[in-house]
Amino acid sequence: MNDQDTILSLSDVRYSWPGRASFGLHVPQLTLTPGETVLLLGESGSGKSTLLSLIYGTIVAQSGAVTVAGTDIAAVSPSQRDRHRAEKIGLIFQQFNLLPFASVRDNITLPLQFAPDRRRRVPAPGAEARRLCNALGLPPQVLDTRAGALSVGQQQRVAAARALIGTPPIIIADEPTSSLDAATQTAFLDVLFQQSQAHNTTVLMVSHDARLSPQFDRVLHMADVAQSVRGAP
Amino acid sequence: MIWRLALGSLAARALTVGMTILAIALSVALFLGVEKIRTGAKASFADTISGTDLIIGARSGSVQLLLYSVFRIGNATNNMSWQSYQDIAARQEVDWIVPISLGDSHRQFRVMGTTPAFFDRYKFRSGQSLRFQDGGTLDDLFDAVIGADVAKTLGYQIDDPIVVAHGLASFTKHDDQPFRVAGILKKTGTPVDRTVIVSLRAIEAIHVDWQRGAKIQGQSTPADVIRDMPLEPQAVTAALVGVKSRLQVFGLQRTINEYPQEPLLAILPGVALQELWQIVGIAETALIGVSAMVVITALMGMMATIFSSLNERRREMAILRAMGARPRVILGLLVLEAAVMAAVGAILGLALLYLGLLIGQPIVDRAFGLWLPIEAPTLREGWTLLAVVAAGVIVSMIPALRAYRMSVADGMIVRI
Ligand SMILES: Nc1ncnc2c1ncn2[C@@H]1O[C@H](COP(=O)(O)OP(=O)(O)O)[C@@H](O)[C@H]1O
Ligand SMILES: [Mg+2]
């Protein structure tokens, strides 16, 4: 498999949280190709969020290589890593994704602030925010609403719009639907995939809910991907 | 957008932020107010006498002489003899000389004996002359001219009778010689406002039946007999002197200070004022120090507020980090917020100062005879406000650096 076909790869990655007897993780090999949608299933506490943190680089592996869109993120400076994250990865969390005091528009356009390349792909951020809201089924008047005033379901869609704006090559979602009911979950994933497919975006989503599996190209299990280690490495 | 986020975050914590800003505003208002009163008092002191080259009195301290002769603070320990006064008056360097005789009082106000020349020679606020708001100068032996505050406090009008008491706060009244209000002066903002002015001869007249501060028993000389007496004073308290040429001031001062017949002291009002500032300077510095401490306390309060907000704002910062904000941005955001709080507090403090001045100006004027001008902020005040903002920024660096370290150390992972 050459670099062209790989958007994300982890090889022989080890990480353990600081502190005695804390949680550690070992990922021998994980590779994602451009445009595929992958569901990573695992029990809560199995280290899914830790794995994602390693990918978007707020924590750095103690050994091994994490390559995101062609860049080994351990090899670059922390501020380059921050910039790289903003440029290449759209992020959605389980809940409380947004700055509650800021407007929906500011929340959606926030990553562009730290990603000049991504910003360049969006000539009119306000109009793009409106378009994404529309595509994700949010009424246009929410743009000027305080994000904290929206329902949880609406907030998750705003978070999706924020992840999609400026078409980053990877979207990483950490249990984005666990706070939604079943019907909303399916609708949310539908619009997310619709929008990401138009730009050949890779979607990596983690969840503990196997019922979502049919909607993805590939399903991985945490137990197969990584070994968790208790105690000091 | 960073600005909008900072302001939005502040607005979301309106109550604590509001209290912090209010504390800063009050402390800044206090600091500026103390400055205003300090400079106002200094200016009004400096404005009290102008156009006088030398003040002469019996030998004592120069500050003491200045205080009792011009500001009516304290008392003369000794008088200068009338003989010396005349000697000095006769010197060729002397352009004009005005005697001042203190020691009597009317109600809570001091009585000053002088000559009508006082009204021409006494100058205040860089050369302004005394002006009458009603009536005129001293013509008759028992005429009195009163300052604006005397008239206002006691409700006196022209031709009202006045009884002069001997010595300050003494209850033995010179009630056999009633004076008449001949003139009321316009307000000057100087101790003249609180003075009853009579002629030097009148001071002698009220003491005709007195000896060593006590009334001679059973003796009472009728007013028309007194009018015919020579009433030459034995001594005066002090004298204001103008010289013909300013070059002669120091020569005359030396001559008087070495006057062989009597120990005298001649002072330059400006120099004595400088000495006074040096004495007052210590208290002034202490006052500034205390009010500066209040400002620092308010800024420390802001720092504590930022510290305690760090935990509840962990998620906010984590989201920013996840979106690609560098730790530096987190630091900048916190510092920016602190700068905004300090700046709003400083400006609000300035507004409070003006509000306080508007309300307090007449009260301070009435109570202390101190006129605090309401004018555009001075450069000094501008620098003060800027310093407050700068101090706010510096103080906020401590919690901001902590947030910085937090966001570097654990990556500020968004956790549920
Ligand atoms: N910031 C952190 N500091 C220390 N330990 C952490 C931190 N985040 C997670 N962990 C540890 O990692 C383990 C796995 O957590 P996580 O990756 O969140 O799992 P999941 O997302 O699958 O529920 C937890 O048991 C926890 O002890
Ligand atoms: Mg998790």
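A quick note: this is a predicted structure, and the numbers were derived from the prediction, not measured.
Residue with the most contacts toward chain B among His84(A), Arg146(A), Gln113(A): Gln113(A) (heavy-atom pairs, distance under 4.5 Å).
Other residues, nucleotides and ligands place no more than 12 heavy atoms under 6.0 Å from the CH2 atom of Trp383(B). Shown here is Arg121(A), whose CZ atom has more than 12 heavy atoms of other residues, nucleotides or ligands within 6.0 Å. Under a cut-off of 6.0 angstrom, the local environment of CZ in Arg402(B) is sparse, with at most 12 non-hydrogen atoms contributed by other residues, nucleotides or ligands. By the neighbour-count criterion of 12 heavy atoms within 6.0 Å, atom CE of Met1(B) is densely surrounded, having more than that number from other residues, nucleotides or ligands.
Of all the heavy atoms in Ala86(A) and Gly324(B), the pair that sits closest is CB-CA, 3.8 Å. Considering all non-hydrogen atoms of both residues, Asp82(A) and Pro327(B) come closest at OD2-CD, 3.4 Å. A pairwise comparison of heavy atoms in Ala102(A) and Leu5(B) identifies CB-CD2, 3.8 Å as the closest pair.
Neither the backbone nor the side chain of Arg81(A) has a heavy atom closer than 4.5 Å to any heavy atom of chain B. With a 4.5 Å cut-off on non-hydrogen atoms, Leu52(A) does not touch chain B at all. Heavy atoms of Thr109(A) lying under 4.5 Å from chain B belong to its backbone as well as its side chain. Looking at Ala325(B), the atoms closer than 4.5 Å to chain A (heavy atoms on both sides) sit in the backbone and in the side chain alike. Contacts between Arg4(B) and chain A at a heavy-atom distance below 4.5 Å involve the side chain alone, from C-beta outward.
With contacts defined as side-chain heavy-atom distances shorter than 4.5 Å, the pair Phe114(A)/Val329(B) qualifies. Here the side chains of Leu99(A) and Ser9(B) are not in contact, with every heavy-atom distance at 4.5 Å or above. Residues Arg321(B) and Arg85(A) meet the side-chain proximity criterion, which asks for heavy atoms closer than 4.5 Å. Side-chain contact check for Ile319(B) versus Arg162(A): some heavy-atom pair is nearer than 4.5 Å. Side-chain atoms of Phe101(A) and Glu316(B), non-hydrogen and from C-beta on, do get closer than 4.5 Å to each other.
Evaluated for a side-chain contact (heavy atoms from CB on, under 4.5 Å) with Met323(B), the options Leu110(A), Asn107(A), Leu112(A) yield exactly one hit, Leu110(A).
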